[in-house]
Amino acid sequence: MRWSEAFIPTLRDAPADAEAVSHVLLVRGGFIRQVAAGSYTILPLGQRVRLKVAGIIREEMNAIGGQEMMPPTLHPAEIWRKSGRYELMGENLFRLEDRKGADLVLGMTEEELFALTALELSSYRDLPQIWYQMHTKFRDEPRPKSGLLRVREFTMKDSYTLDIDRAGLDAGFEKHRGAYQRIFSRMGLDAVGVEASSGAMGGSESVEFMVRSEAGEDWIVTCANCDYRANVERATSAVAAVEDGEREDLGRFPTPGLRTIRALAAAHPEIAAPDRQIKTLVYLLDGEQVLVLLRGDHNLQEQKLLDATVAVEARAATPEEIRALLGADPGSLGAVSVDGVKIVADEALRGRFNLVTGANEDDWHRSGVDVERDIRVSQWADLREVTSGEPCPLCGGALDLWKGIEVGHIFKLGTKYSETFGVYVQDEKGESHPIIMGSYGIGVERGMAAVVESSHDEKGIVWPVSVAPYETVITVVRADDPATVEAAERLYAELGDSAIEVLFDDRVERPGVKFADAELIGIPYRVTVGPKGVEKGVVELTTRDGLITEEMPLGDVVGYLLERVTGQRFGI
RNA sequence: CGGGACGUGGCGCAGUUUGGUAGCGCGCAGCGUUCGGGACGCUGAGGUCGUGGGUUCGAAUCCCGCCGUCCCGACCA
C-alpha cells in the first residue's frame with residue numbers, strides 16, 4: 001500500500017476525551033474513530049490489526065478441534081426468557097421490537113443459541129463437540145470507557161464445549177486454557193490465568209486471563225513465591241489467628257460519639273483493637289435485608305457475598321433502612337441477639353470471643369461477645385477482601401495486588417442451559433443425560449487495546465509482527481529525488497513479491513513527519529531510503545521496538561526482512 | 001444510576017466572570033523557498049458557538065429545559 005493513497009488520519013494532538021494510553025494512541029494513529037459512547041468505527045489500519053487477531057484466534061480454536069459457525073446476533077426474546085437471562089441481564093441487554101410487535105434482543109453471548117443448535121444431538125457418539133463463532137456482541141454498558149477496552153458493540157469469539165460427562169468438560173476446559181495461553185502469547189500479551197468468580201454466567205469454575213495494566217478494571221492477587229493467582233473477587237489469604245484471652249461475660253459500655261472502628265479502638269485500646277471488633281454491615285441481597293459480619297480490620301468483597309448467598313444484586317442499606325431494622329445508626333450496630341434476619345459471617349470470626357461490637361443503641365457498644373454463643377449466624381462464608389502483602393493461602397509468601405485487563409474468560413458452565421432447553425443425549429446404556437457445557441470468550445478489540453496498553457513507548461505504538469497492520473514501512477526521505485524514489489520503488493516491489501506486508505511512505509513530506517508517523521502507528525520494521533545511502537548502495541533498517549538502526553546494502557534488505565519477519569509472524 | 005467535569009471550524013484551545021455579532025495554534029488548499037527527526041513566508045477555504053426555549057435593542061456570554069461526551073464509584077470479553 002502506498003501511504004499517499006491510504007486513509008491513515010494521524011493526529012498530532014491527543015483527543016481531549018481520551019485517557020487510557022491505548023485510546024489515545026489508537027485514535028492518534030488513525031486506527032479508530034469514536035461515533036458515540038462505546039461505539040467506534042475501526043479504520044483501515046485498525047481493521048488490519050483486528051483481522052490478524054481474529055486470525056490467530058481462529059487458528060488456535062481450529063487447532064483444538066473447534067468448528068466455527070455463525071448464529072444470528074438478533075435473537076427472539078423468547079429464548080432469553082426461557083434461560084432466565086432476559087430478566088437477569090437487566091438493562092445490559094439491548095431489547096427491541098419488530099414490525100409485528102414481537103420482542104427481540106441483540107445477543108450478548110450465545111449460550112441460548114448454541115443450546116438450541118445442540119438439540120440436534122442425540123447420542124453420546126455425537127460428543128464431544130467444540131463449537132464457536134466470532135462476531136458482534138451488544139451490551140448496553142452502564143459506562144463505556146477507555147476507548148476499545150469497554151464498548152457497547154464488539155467482536156467476541158465465544159466457544160462452547162458439549163460433553164457427556166464431567167471428565168469431558170474438564171478436558172475441553174483444559175484444551176481451551178492451553179489455546180488461550182497460545183493465543184495471547186502469539187499476540188504478544190503476557191496474560192495470566194487467574195481463579196475467578198463466574199458472576200452472572202453461572203457455573204462452577206472459571207478462569208480469567210488478565211494482562212497487567214493501569215487501565216485495567218480488575219484487581220488481581222498473585223503470590224511472588226508460588227503460582228497462586230486469583231481475582232480479588234475470589235482471592236483468599238492466610239490470616240494470622242488473634243489471641244482472645246480469657247472468655248468473659250457479655251457486657252455493655254458507653255461510647256459517646258465513637259462511630260468508627262478506628263475511633264473506638266483509639267478510645268479503648270485494651271479491649272477494642274480493630275481485630276477484636278466485629279464490623280456489622282447491613283446489605284440488601286435481591287431485596288432481602290441481611291447482616292454481614294466481618295472482623296473490624298477487614299473489608300467486604302461484595303462479589304464474594306453474592307457468590308456465597310447465590311444472590312444477583314447487592315447494595316448497602318441506606319441509613320434509614322438500617323435504623324428501621326436495628327434501631328440505631330451505623331457506628332453502633334451489632335448482631336448480638338438479633339433474630340429473624342439472615343446473618344452471614346466471615347470465616348475469620350469463627351470461634352472468636354471477647355469481642356466488641358455495637359449494641360444497636362446509639363453511643364453504646366457490647367463487650368465480651370462470643371460469636372458462636374451470642375450471635376445467631378445463619379451462614380459462614382469467606383467474605384473478606386484480600387489486601388496487598390498478606391500471606392499466600394498456599395505457601396505463606398507475600399501476596400501482590402495488581403490491576404489487570406480481562407482479555408479472556410473460560411467457564412465450566414454445567415447443565416444449566418442444556419436442562420432448560422432440553423438438550424439430552426443417550427449414553428451407551430440408553431439413559432438420557434443433559435449435555436454438560438463449557439463456555440469460553442475472548443474480546444477481539446479489547447485484545448487489540450490490551451496489546452497497545454502493554455506495548456508502546458513515548459513515540460507511539462510498538463506492534464508485535466504477529467498483529468501489526470503492516471510488517472514494514474519504507475520511508476522515502478526525499479520523495480523528489482528521482483534516484484532515491486527509483487530505488488525505493490524497486491524495494492517496494494521486491495518486498496511485495498516476497499509477500500512481506502509493506503507500507504510505502506511515498507508522501508511528499510519532510511522526513512521528520514514521516515519518521516514520527518511511522519513510529520506512532522508502530523510498524524515493526526522501517527527501511528529508510530535516502531539520497532546519501534542510495535549513492536553508496538545502502539539503506540537503514542530500524543526496529544520499532546527499541547528503535548535500533550543498522551545500515552545494510554540495498555540488496556540484502558529483502559532477504560534480511562524475510563528471515564526476521566517470517567520468524568516472528570506466528571508470534572511467541 | 002449516584003458524584004464530578006465539559007460541549008466554540010478536522011484536532012487542541014482562548015473568549016463566558018463584566019452581553020456589542022467569533023479568535024489562536026496545528027491541520028487543510030494554492031504559490032514560493034526549504035528537506036535525514038513534526039520547516040518558513042505569502043495568500044486562502046472552513047464555524048447553526050451541542051440543542052430548544054426565555055430575558056434583552058442586541059446572547060458563545062445571563063436564565064430554564066433537553067441532548068451528548070469524559071472521569072470517579074456499582075457491572076463485564
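Convention: sequence-line order gives letters A, B, ...; per-chain numbering from 1. Please read all numbers here as calculations on a predicted model, not as lab measurements.
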Quiz item: Does a distance-only test, which skips hydrogens and angles, find a donor-acceptor pair under 3.5 Å between the side chain of A:Arg28 and the base of B:G38?
Solution: yes

Quiz item: Contacts to RNA chain B from residues 32-40 of chain A, heavy-atom cutoff under 4.0 Å, which residues?
Solution: A:Gln34, A:Ala36, A:Ala37

Self-check item: Any side-chain donor near an acceptor of the partner, A:Asn231 and A:Glu208, under 3.5 Å
Solution: yes

Quiz item: Does the side chain of A:Gln303 come under 3.5 Å of the side chain of A:Glu233 through a donor N or O and an acceptor N or O?
Solution: no

Exercise. Would you indicate which nucleotide in B:C71, B:U69, B:G36 comes nearest to any side-chain atom of A:Glu19?
Key: B:C71

Quiz item: For A:Glu540 and A:Glu91, take the nucleotide of RNA chain B holding the closest heavy atom to each; which residue's nucleotide lies nearer the 5' end?
Solution: A:Glu91

Quiz item: Under 3.5 Å, is there a donor-acceptor pair between the A:Arg177 and A:Tyr440 side chains?
Solution: no

Quiz prompt | Counterpart base for B:G25, defined by Watson-Crick or G-U wobble contacts under 3.5 Å | solution = B:C11

For residues 519-541 of chain A, please give each side-chain donor-acceptor pair under 3.5 Å, one per line with the distance, not counting sequence neighbours.
{"residue": "A:Glu519", "atom": "OE2", "partner": "A:Arg526", "partner atom": "NH1", "Å": "2.9"}
{"residue": "A:Tyr525", "atom": "OH", "partner": "A:Arg564", "partner atom": "NE", "Å": "3.2"}
{"residue": "A:Tyr525", "atom": "OH", "partner": "A:Arg564", "partner atom": "NH2", "Å": "3.4"}
{"residue": "A:Tyr525", "atom": "OH", "partner": "A:Gln568", "partner atom": "OE1", "Å": "2.7"}
{"residue": "A:Tyr525", "atom": "OH", "partner": "A:Gln568", "partner atom": "NE2", "Å": "3.3"}
{"residue": "A:Arg526", "atom": "NE", "partner": "A:Thr528", "partner atom": "OG1", "Å": "3.2"}

Practice problem: Report the residues that fulfil side chain to side chain contact (heavy atoms under 4.5 Å, CB included) with A:His456, sequence neighbours left out, ordered by chain and then residue number. | Solution: A:Val21, A:Leu25

Quiz item: Going through the distances and angles, do A:Trp463 and A:Phe31 end up as a ring pair (Phe, Tyr, Trp, His ring centres under 6.0 Å)?
Solution: CA-CA 13 Å; A:Trp463 292 112; A:Phe31 292 81; 5.6 Å; yes

Quiz item: Of all the nucleotides listed (B:A74, B:A77, B:G36), which has the minimum atom distance to the side chain of A:Val477?
Solution: B:G36

Quiz item: For B:G41, which nucleotide in any strand shown is its Watson-Crick or wobble partner with both distances under 3.5 Å?
Solution: B:C31

Quiz item: Which part of the nucleic acid, if any, lies within contact of A:Arg526, taking any heavy atom under 4.0 Å across all strands shown: a base, the sugar-phosphate backbone alone, or nothing?
Solution: base

Practice problem: List in numerical order all residues of residues 441-453 of chain A for which some heavy atom is under 4.0 Å away from an atom belonging to RNA chain B. | Solution: A:Ile442, A:Gly443, A:Arg446

Practice problem: Indicate whether any N or O donor in one side chain lies under 3.5 Å from an N or O acceptor in the other, for A:Ser206 and A:His409. | Solution: yes

I'd like a table of donor-acceptor pairs (distance under 3.5 Å, sequence neighbours excluded) in which one partner is a side-chain atom from residues 504-511 of chain A, with atom names and distances.
{"residue": "A:Asp505", "atom": "OD1", "partner": "A:Arg507", "partner atom": "N", "Å": "3.3"}
{"residue": "A:Asp505", "atom": "OD1", "partner": "A:Arg507", "partner atom": "NE", "Å": "2.9"}
{"residue": "A:Asp505", "atom": "OD2", "partner": "A:Arg507", "partner atom": "NH2", "Å": "3.1"}
{"residue": "A:Asp506", "atom": "OD1", "partner": "A:Ser4", "partner atom": "N", "Å": "2.9"}
{"residue": "A:Asp506", "atom": "OD1", "partner": "A:Ser4", "partner atom": "OG", "Å": "3.1"}
{"residue": "A:Asp506", "atom": "OD2", "partner": "A:Ser4", "partner atom": "OG", "Å": "2.7"}
{"residue": "A:Arg507", "atom": "NH1", "partner": "A:Asp517", "partner atom": "OD2", "Å": "3.1"}
{"residue": "A:Arg507", "atom": "NH2", "partner": "A:Asp517", "partner atom": "OD2", "Å": "3.2"}

Exercise. Inspect the contact between A:Lys403 and A:Glu217 and indicate whether a charged nitrogen and a carboxylate oxygen are less than 4.0 angstrom apart.
Key: no

Quiz item: Between B:G36, B:C76, B:A74, which nucleotide has the shortest distance from any of its atoms to the side chain of A:Arg150?
Solution: B:C76

Quiz item: Would you say the side chains of A:His176 and A:Tyr132 form a donor-acceptor pair under 3.5 Å?
Solution: no

Quiz prompt | Nucleic acid footprint by protein, nucleotides 22-33 of chain B - heavy-atom cut-off 4.0 Å, B for base, S for sugar-phosphate alone | solution = ---BSS------

Exercise. Report which part of the nucleic acid A:Pro15 touches: base, sugar-phosphate, or nothing (heavy-atom distance under 4.0 Å, all strands).
Key: sugar-phosphate

Self-check item: Nearest-angstrom distance from the residue atom CD of A:Glu141 to P of B:C1
Solution: 16 Å

Quiz item: Taking atom types as modelled, is there a side-chain donor on A:Thr117 or A:Trp131 under 3.5 Å from an acceptor on the other?
Solution: no

Quiz item: Is the ring centre of A:Phe154 under 5.5 Å from the base ring centre of B:A77, and are the two planes under 30° apart, so that they stack?
Solution: yes

Quiz item: Contact class for A:Ser146 (heavy atom, under 4.0 Å): base, sugar-phosphate, or nothing?
Solution: sugar-phosphate

Quiz item: Is A:Asp517 touching bases, backbone alone, or none of the nucleic acid, heavy atoms closer than 4.0 Å?
Solution: base

Exercise. Assign each of A:Pro511 and A:Glu217 to its nearest nucleotide of RNA chain B by heavy atoms, then name whichever residue's nucleotide is nearer the 5' end.
Key: A:Pro511

Practice problem: If B:U61 has a Watson-Crick or G-U wobble mate with both distances under 3.5 Å, name it; if not, just say none. | Solution: none

Quiz item: So what does A:Ala16 hit on the nucleic acid, given a heavy-atom distance under 4.0 Å: a base, only sugar-phosphate, or nothing?
Solution: sugar-phosphate

Exercise. Identify whether any heavy atom of A:Gly408 sits under 4.0 Å from a base atom; if not, whether one sits that close to sugar-phosphate; answer base, sugar-phosphate or nothing.
Key: sugar-phosphate

Quiz item: Does the ring of A:Tyr86 carry A:Arg95 above it, NZ/CZ under 6.0 angstrom from centre and within 45° of its axis?
Solution: yes

Quiz item: Can you tell me how far P of B:C76 sits from CD1 of A:Ile405, to the nearest Å?
Solution: 18 Å

Quiz item: Any donor-acceptor pair under 3.5 Å joining the side chain of A:Glu519 to the base of B:G38?
Solution: no

Quiz item: Hey, are A:Lys82 and A:Glu112 close enough for a salt bridge, meaning a charged N less than 4.0 Å from a carboxylate O?
Solution: no

Quiz item: So which nucleotide from B:A39, B:A77, B:C11 ends up closest to the side chain of A:Arg510?
Solution: B:A39

Practice problem: Kindly say whether, by distance alone, the side chain of A:Asp480 makes a donor-acceptor pair under 3.5 Å with the base of B:C35? | Solution: yes

Practice problem: Under 4.0 Å between any heavy atoms, over every strand shown, what does A:Arg139 touch: base, sugar-phosphate, or nothing? Just pick one. | Solution: base

Quiz item: Does any donor atom in the side chain of A:Arg28 or A:Thr10 lie under 3.5 Å from an acceptor atom in the other side chain?
Solution: no

Practice problem: Return no unless some side-chain N or O of A:Arg143 is found under 4.0 Å from OP1 or OP2 of B:A74. | Solution: no

Self-check item: Base-pairing mate for B:C76 - Watson-Crick or G-U, with both contacts under 3.5 Å
Solution: none

Self-check item: A:Lys145, nearest nucleotide to its side chain (from B:A39, B:C72, B:C75)
Solution: B:C72

Self-check item: Who pairs with B:G46 - Watson-Crick or G-U, where each distance is under 3.5 Å
Solution: none

Quiz item: Rounded to whole angstroms, how far apart are NZ on A:Lys514 and P on B:G36?
Solution: 12 Å

Quiz item: Reckon A:Ala314 touches a base, only the sugar-phosphate, or nothing at all at heavy-atom distances under 4.0 Å?
Solution: nothing

